[in-house]
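By convention in this document, chain letters (A, B, ...) are assigned in the order of the sequence lines, proteins followed by strands, and residues within each chain are numbered from 1.
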2 protein chains.
Amino acid sequence: MQSIFHDIYKHPLLPEADLQSIMHLHKQVNFNKGDIILKSGCIANEYYLLETGLVKAFVINYNEDEITTGFFTDGEIIISPPSLFQHTPSQETLQAVTDCVTWKIVFEDFQQLYHNLPGFREWGRVWFSQQLFSLKQRSLDMITETATNRYLKLIKEKPQVIQNVPLKQIATYLGVTDTSLSRIRKDIIKTAG
Amino acid sequence: MQSIFHDIYKHPLLPEADLQSIMHLHKQVNFNKGDIILKSGCIANEYYLLETGLVKAFVINYNEDEITTGFFTDGEIIISPPSLFQHTPSQETLQAVTDCVTWKIVFEDFQQLYHNLPGFREWGRVWFSQQLFSLKQRSLDMITETATNRYLKLIKEKPQVIQNVPLKQIATYLGVTDTSLSRIRKDIIKTAG
DNA sequence: TTTAATTCTTGCCAAATGGCAAGTTTGCTT
DNA sequence: AAGCAAACTTGCCATTTGGCAAGAATTAAA
């Protein structure tokens, strides 16, 4: 059986028996398009494995504008690590872009696993490292890649985003205006086919 | 006694006794200005607490240009988490900008602490969360803040950098050319003083 | 101290992006 | 199906940033 749990909690030191314990602490939770999963200012007490659907993260700047800060696609964990692990108000809001099927685990249960299963905390550390790598890569891309390349990369890595998220919100994620992104899109079509 | 260890390994669940164990697994290592601490392509097997000094991280792009990806200042941990925790070749090179006094701990010893001291792994998780927060903030700044503001922020947060790092390397970190940063600097002087 | 190399500044012009507003398309609601 | 609102495109022009190259300033070396 290949499940979302096997996909996400994948680590050489996590035996199948442990995986069963882990699975049993997750409860299915479904979200509808537009639902707020974590509100800015609130303190997270859980995270969610995203089985199907698309979720966005955003912040509101001083000018009341919404700035998209990330996307979660299926097979990823919907979470605000600083809020959950430092018990601080979340900076970001997490919102379902489409209907979502997720599996929720609360902090207390996570904590049990973390301290009781060595393989689980090994997995956790790898997960954190991967997150850091991705974020570092994103910062680097903001510096070294053109807006066009960043858009192409997003298409490649998360095509669901282009299908489901308004251009304006994609634009803030890429760091350009919606006007520019519209032109970028046009140029790509002209160039590539 | 207020030491670098107390500063860095600060967590409510880390008693003084544990801190002593932790301290004993660190060995002092000094670097000279220009020394390579971790070379791109190599796999890290340790990290370093930076007591005094300044370290930079950089990558080389397709065009042989050096792109600065980060700075480590005193009280921070010099590390490439993906390389150390996933045993993969480092993307970044870490290099001493000034002479440095550091305290080194190797992976094997870290591993002992991580699995034997619950407070230590609690600390580790918080550390990771903070790193993620900082990096997320940096990505956001790249989008929402002007180059001028990013420069002012760097002055405020890590003034040592401005004193010790060539303008060109600061420029790649901020995502502008050295020409532009030079002009930004001029405007700041004109405006503020 | 003199030379040489690096670092930094500046002028000129090109290229990229932004801001605004009008117009078009799309999709939803009644 | 008609009307409406949201999403997207496009033209015009201003602003920002980049690229190049020359020159000034600083630093290090001989």
Side-chain angles (χ1 to χ4, degrees), chain A residues 32-34 54 56 58 61-68 71 95-99 140-155 159-192, chain B residues 32-35 54 56 58 61-68 71 95-99 141-152 154-155 159-193:
Chain A
N32 295 317
K33 177 176 176 173
L54 179 61
K56 71 172 178 182
F58 66 89
N61 74 359
Y62 62 96
N63 217 20
E64 298 287 294
D65 298 318
E66 180 180 316
I67 311 290
T68 307
F71 297 105
Q95 182 178 24
V97 170
T98 65
D99 293 348
L140 191 56
D141 286 347
M142 294 303 302
I143 287 175
T144 59
E145 301 293 336
T146 62
T148 303
N149 280 342
R150 295 202 297 275
Y151 179 67
L152 288 171
K153 213 164 174 175
L154 182 61
I155 291 178
Q160 313 95 307
V161 171
I162 280 74
Q163 314 304 323
N164 293 291
V165 180
L167 176 136
K168 194 177 179 176
Q169 293 172 21
I170 299 176
T172 64
Y173 177 73
L174 295 175
V176 292
T177 58
D178 52 345
T179 307
S180 286
L181 183 51
S182 178
R183 288 176 182 134
I184 286 170
R185 196 175 261 188
K186 185 170 64 167
D187 286 354
I188 291 175
I189 294 169
K190 227 190 296 180
T191 307
Chain B
N32 294 319
K33 176 175 175 171
D35 283 356
L54 179 60
K56 71 173 176 181
F58 66 89
N61 72 1
Y62 62 96
N63 216 20
E64 298 286 294
D65 299 318
E66 179 181 316
I67 310 291
T68 307
F71 297 105
Q95 183 178 25
V97 171
T98 66
D99 293 348
D141 287 346
M142 295 303 302
I143 287 174
T144 60
E145 301 293 335
T146 62
T148 303
N149 280 342
R150 296 202 297 275
Y151 179 66
L152 287 172
L154 181 61
I155 292 179
Q160 312 97 308
V161 171
I162 280 75
Q163 314 304 324
N164 294 292
V165 179
L167 176 136
K168 194 177 180 175
Q169 293 172 21
I170 299 175
T172 64
Y173 177 74
L174 295 176
V176 293
T177 57
D178 52 344
T179 308
S180 285
L181 183 53
S182 179
R183 290 176 181 134
I184 286 170
R185 196 175 262 186
K186 185 171 64 168
D187 286 354
I188 290 175
I189 294 170
K190 225 190 296 179
T191 308

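Partner of B/Arg150 under the side-chain contact (heavy atoms from CB on, under 4.5 Å) criterion, out of B/Ile184, B/Leu181, B/Val176, B/Ile155: B/Val176 alone. A side chain to side chain donor-acceptor pair (under 3.5 Å) with A/Glu66 is found for exactly one of A/Lys56, A/Gln95, A/Lys168, namely A/Lys56.
B/Asp178 has its CG atom 10 Å from the C1' atom of D/dG18, to the nearest Å. In this entry the distance linking CD1 of A/Ile170 with P of D/dA7 reads 12 Å, nearest Å. Protein atom CD1 of A/Ile162 is 16 Å distant from nucleotide atom C1' of D/dA7, rounded to whole Å. In this structure, CG of B/Asn164 is placed 14 Å from C1' of D/dT27, rounded to the nearest angstrom. Summarising the geometry, the separation between CG on A/Leu181 and P on D/dT10 is reported as 13 Å, rounded to the nearest angstrom. Between the OH atom of A/Tyr151 and the C1' atom of D/dC8 there is a distance of 12 Å, rounded to whole Å. Rounded to whole Å, the distance from CD1 on A/Ile189 to C1' on D/dT10 is 14 Å. Atom-to-atom, NZ of B/Lys186 to P of D/dT17 comes out at 14 Å; the value is rounded to the nearest Å.
For B/Lys33 and A/Val165, each mapped to the nucleotide of DNA chain D holding its nearest heavy atom, the one lying further toward the 5' end belongs to A/Val165. Annotation: of the two residues near DNA chain C, A/Thr148 and B/Arg185, the 5′-most nearest-nucleotide partner is B/Arg185. Nearer to the 5' terminus of DNA chain C, by closest-nucleotide assignment, is the contact made by A/Thr146 (compared with the other of A/Thr179 and A/Thr146).
Among residues two or more places apart in sequence or in another chain, the side chain to side chain donor-acceptor pair (under 3.5 Å) test is passed with B/Thr179 by none. Partners of A/Thr177 according to the side chain to side chain donor-acceptor pair (under 3.5 Å) rule, which considers only residues two or more places apart in sequence or in another chain, are A/Ser180.
Residue B/Thr177 is in sugar-phosphate contact alone, with no base atom involved, counting any heavy-atom pair closer than 4.0 Å across all strands shown.
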Discussion item. Pair B/Phe71, B/Val165 - check side-chain contact (heavy atoms from CB on, under 4.5 Å), show working.
Written reply: CA-CA 10 Å; B/Phe71 297 105; B/Val165 179; 3.8 Å; yes

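Nucleotides of DNA chain C with any atom under 4.0 Å from a heavy atom of chain A span, from 5' to 3', C/dT17 to C/dC20.
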